[in-house]
Student: 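Questions regarding the structure given below will be posed in turn.
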Number of protein chains: 2
Amino acid sequence: MSMKVEAKVEPSHEEIIEILDKALSVEAIITLFAYCRVFYEGRAKSELGPGDRVIIIKPDGSFLIHQKNKREPVNWQPPGSVVSIVLEDGKIMLRSVRRKPKETLEVELIKTYLVSYFQAEDYEELALTGSEAEMAGLIFENPSLIEEGFKPLFKEKPIKHGIVDVLGRDKDGNLVVLELKRRRADLHAVSQLKRYVDALREEYKNVRGILVAPSLTAGAKKLLEKEGLEFKKLNPPKREKKKKGKQKTLDFLSP
Amino acid sequence: MSMKVEAKVEPSHEEIIEILDKALSVEAIITLFAYCRVFYEGRAKSELGPGDRVIIIKPDGSFLIHQKNKREPVNWQPPGSVVSIVLEDGKIMLRSVRRKPKETLEVELIKTYLVSYFQAEDYEELALTGSEAEMAGLIFENPSLIEEGFKPLFKEKPIKHGIVDVLGRDKDGNLVVLELKRRRADLHAVSQLKRYVDALREEYKNVRGILVAPSLTAGAKKLLEKEGLEFKKLNPPKREKKKKGKQKTLDFLSP
DNA sequence: TTGTACATCTCGGGT
DNA sequence: ACCCGAGGTGTACAA
C-alpha cells in the first residue's frame, strides 16, 4: 500500500531500511534527521566529523546534506547519482555514486532521529523575470536605450574567442559589442568585454565595446576607462511573465 | 518541555502554527512537506504555481524550497533573512524578508503534509582537500613543479587590476604570473591571466604568464597561444587534512 | 560530450 | 560596506 507521506521519529534499524527502501521504490523525496559522519571523494576529497544534519535524497539522485547554517549543503551529490543503502558492522551507511566524474559520497548514520518521505507531485516550473536574457530582449525592442541610432544585429553570437551577448552597429557604422550584466559589473565583466573586442578588432576596424549594467565596481570603472571601453547604465527589466507548467491533463487533445 | 525532534503528519492549522512557533523559539531546523505556491521579489522576481515541495528553514534565516529534482532550491532566501508566519484569509503564509538587498519570499501553504523540526547540534566543520589554495601551497613547497629555477615570491598578491594567485621569478629573472585552476581551465581563466599580465607589463618588462591547471579547454588553448601565454599541467593535491571542529568542551583549560 | 557563460549564484577574505 | 575571486560551484544551451 502506498502513502504519499510517511514519517517515523526515532526509528529502529529495521524501520529505517524498510522506509528508505519503500521511498526509493516509489521515487519519493527522502528526508532524514540524523547524527552522522560524512565522507566524500571525487573532484576533491572531504571529511566531516559527527554532528546533526538534515539529509535529503531526491528521486533524480540529487543528495543533499545540510548543517544548521548556510544556504549551501555541506556535502552533496548532483542529479544522476545512484544511491544505495549499505549495512556495515551493523551500521547503516548511505552511499551515493556518480559516474563521470567518478564521485562517491558516504554517510554513516550514527543515530537517526527521523526518517520520512514525500511522494511529491509537481508540474510547475519557475517563472522568473529580471534576467540578463531579458535585458537583451529589451535592447532589441528599444535599441535607443543604448544610444540614439544603435542597431542590434545578433544575440548570443559566437565569435573567435567566446560568445558575444549583443552585436550591433552604431549610427556611424561602427561595430558595437555589448556585454550585459544583470547586476553590478566587476573586473571579470570588463575582461570578458575586452576579450570580445580584441577578437573582433582582429577582423574589423572601428569596434566599440559597451558594458551594459545597473552599475560598476570601482575597479571595473578604472579598467574600463584604461581600455577605452564604455559603460551604459541599464537595469534588468521585471516583466509580467506567463507561468510555465508542464501539461498535466491532455485537454489539448480534446475536440 | 523541549524535544530535539518533533514531526506531525497531516497537521491541523493550529498544529502547524504551534509547531513552527516552537521550532523558531528553540532555533531548530524546520522541514515541511507541502503543496504550495511561491512568490519572490528582490534582485529578480519570480512566481511558482502550486505543487509539492520540501521547505527547509534554518536557524540562521536560510530558507530553501526544493522541488523533487535538481541540487538547487527552486526558491530560497540567504542566511540573515527573517522569517514570519502570516495568517491571511485563513491561509498560512510563510514570509521571509532580507534587508540589503531588500528581498521577500512568500510561501502560501495550500496543504501541509508534514511539519517537523530538528534541534541540531553540530560542532564540526568540513575538512576539504584538493583546493586551489593547496595547489599554491604545493608550488611554494616545490617550485620546480612549475619549471627548473622558478622562485615563487607572493601569494594572493593585489596588483593594479586584480589579485594574482602566485607571483614569482624564473631562472632568467623574468617576472612570472601564475594563474591556478583546480579544474580544467577555460576562456575565463585565460582572460584573467591576461588581465594580470597586461597590468604588470605596464610597470615591468619581461613578464610571463603561466596558466597552471589539470587541463585546458580547446578554446582556452587557442587563446592562450594567441596571447603568448603558457600552460603548465598540475593537479590539485589531495592531502591528509586535520579535521576542523569547534571546541565543544573546554578541556584545553584543564590542568 | 565538450565548451561557454549565467546565477536572486553563495561564500570567505581582505581593505 | 565594497571588492575580488574560488567553487566538488550547478544549470542551461549550443556545437
Side-chain angles (χ1 to χ4, degrees), chain A residues 40-46 62 69-80 98 100-105 126 128-133 135-136 156-159 161-165 179-189 191-192 195-196 215-222 236 238, chain B residues 40-46 62 69-81 98 100-105 126 128-133 135-136 156 158-159 161-165 179-189 191-192 195-196 215-222 236 238:
Chain A
Y40 156 76
E41 179 150 17
R43 287 170 291 178
K45 183 178 179 191
S46 74
S62 306
N69 290 330
K70 305 292 171 196
R71 200 208 79 139
E72 291 301 302
V74 61
N75 278 114
W76 72 91
Q77 207 66 293
R98 178 195 198 188
K100 241 304 187 156
K102 175 80 168 182
E103 296 190 289
T104 326
L105 181 67
L126 190 69
L128 183 138
T129 181
S131 64
E132 185 194 286
M135 287 179 77
E156 298 294 318
K157 176 74 177 163
I159 60 165
H161 300 292
I163 303 164
V164 164
D165 280 340
E179 174 55 36
L180 313 182
K181 288 294 161 206
R182 67 167 306 289
R183 58 174 186 168
R184 176 176 272 249
D186 57 13
L187 286 175
H188 287 339
S191 288
Q192 212 180 328
R195 166 154 50 94
Y196 304 147
S215 63
L216 277 180
T217 66
K221 185 159 185 286
K222 261 182 49 185
K238 287 179 189 172
Chain B
Y40 156 76
E41 180 151 17
R43 287 168 291 177
K45 183 180 179 189
S46 74
S62 306
N69 289 329
K70 304 290 170 197
R71 202 209 78 140
E72 290 303 300
V74 61
N75 280 111
W76 73 90
Q77 204 70 293
S81 309
R98 175 197 199 184
K100 206 39 175 38
K102 174 82 167 183
E103 297 190 291
T104 330
L105 180 68
L126 189 71
L128 184 138
T129 183
S131 64
E132 186 194 282
M135 287 179 77
E156 298 294 317
I159 59 164
H161 301 291
I163 303 164
V164 165
D165 279 341
E179 173 57 34
L180 312 184
K181 288 295 162 203
R182 69 166 307 288
R183 59 173 184 173
R184 177 177 269 249
D186 57 13
L187 286 175
H188 188 134
S191 287
Q192 217 180 317
R195 165 154 50 94
Y196 304 145
S215 62
L216 278 179
T217 67
K221 185 159 187 287
K222 261 180 50 184
K238 287 180 191 171

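To find a chain, count down the sequence lines: A is the first, B the second, and so on, and within it residues start at 1. These figures come from a predicted structure and were not determined experimentally.
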Student: What's the closest nucleotide to the side chain of A:L128 if the choices are C:dT8, C:dT2, C:dT4?
Tutor: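 Minimum distance to the A:L128 side chain belongs to C:dT8.
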
Student: For the side chain of B:R182 and the backbone of A:R43, is there at least one donor-acceptor N/O pair under 3.5 Å apart?
Tutor: yes

Student: Could you state the CG-P distance from B:L105 to C:dC9, rounded to the nearest angstrom?
Tutor: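 These atoms are roughly 15 Å apart.
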
Student: Identify each atom pair where a protein N or O and an N or O of nucleotides 12-15 of chain C are less than 3.5 Å apart, giving names and distance.
Tutor:
from   : atom 1 : to    : atom 2 : distance (Å)
C:dG12 : OP2    : A:K70 : NZ     : 3.2

Student: Please assess A:H188 against B:R195 for the test side chain to side chain donor-acceptor pair (under 3.5 Å), listing each intermediate value before the final yes or no.
Tutor: CA-CA 9 Å; A:H188 287 339; B:R195 165 154 50 94; 3.3 Å; yes

Student: Any non-hydrogen side-chain atom of A:E132 less than 4.5 Å from a side-chain atom of A:D165?
Tutor: yes

Student: Using atom CG of A:N69 as one end and atom P of C:dT10 as the other, report the distance to the nearest whole Å.
Tutor: 16 Å

Student: Under 4.0 Å from OP1 or OP2 of C:dG3: is there any side-chain N or O of B:R183 that close?
Tutor: no

Student: Mind calculating the distance between CZ (B:R71) and P (C:dC9) to the nearest angstrom?
Tutor: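 It is 16 Å, rounded to the nearest whole Å.
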
Student: Taking the side chain of A:K181 as heavy atoms from C-beta outward, which of C:dT8, C:dA5, C:dC6 is closest to it?
Tutor: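 Shortest atom-to-atom distance from the side chain points to C:dC6.
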
Student: Assess the side chains of A:S46 and A:N75: does a donor N or O sit below 3.5 Å from an acceptor N or O?
Tutor: yes

Student: Suppose we screen for side-chain contact (heavy atoms from CB on, under 4.5 Å). Which residues come up paired with A:A189, at least two apart in sequence or across chains?
Tutor: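 side-chain contact (heavy atoms from CB on, under 4.5 Å) check on A:A189 returns A:K181, A:A185, A:D186, A:L211.
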
Student: Over all heavy atoms of both residues, which pair between A:H161 and A:Y196 is shortest? Give the atoms and the distance, please.
Tutor: O-CE2, 3.9 Å

Student: Considering only heavy atoms of chain A and a distance under 4.0 Å, specify the first and last nucleotide of DNA chain D in 5' to 3' order that meet this criterion.
Tutor: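 Taking any atom under 4.0 Å from a heavy atom of chain A, the span is D:dC3 to D:dT11.
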
Student: Provide, to the nearest angstrom, the distance between the NE2 atom belonging to A:H161 and the C1' atom belonging to C:dT4.
Tutor: 14 Å

Student: Between A:Q192 and C:dC6, is there a contact of a side-chain N or O with OP1 or OP2 at under 4.0 Å?
Tutor: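 Looking at the OP1 and OP2 atoms of C:dC6, one of them is under 4.0 Å from a side-chain N or O of A:Q192.
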
Student: May I ask you to decide whether B:R71 forms a salt bridge with A:E72, counting only side-chain N to carboxylate O separations under 4.0 Å?
Tutor: yes

Student: Checking the side chain of B:Q77 only, and the main-chain atoms of B:E103 only, is there a donor and an acceptor separated by less than 3.5 Å?
Tutor: yes

Student: Suppose you measure atom P in C:dT4 against the same atom in D:dG8; what distance do you get, rounded to whole Å?
Tutor: 23 Å

Student: Rounded to whole angstrom, note down the C1' distance from C:dT8 over to D:dA14.
Tutor: 25 Å

Student: Could you tell me how far C:dA7 sits from D:dA6 if I compare only their C1' atoms? Round to whole Å.
Tutor: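 That atom pair is separated by 15 Å.
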
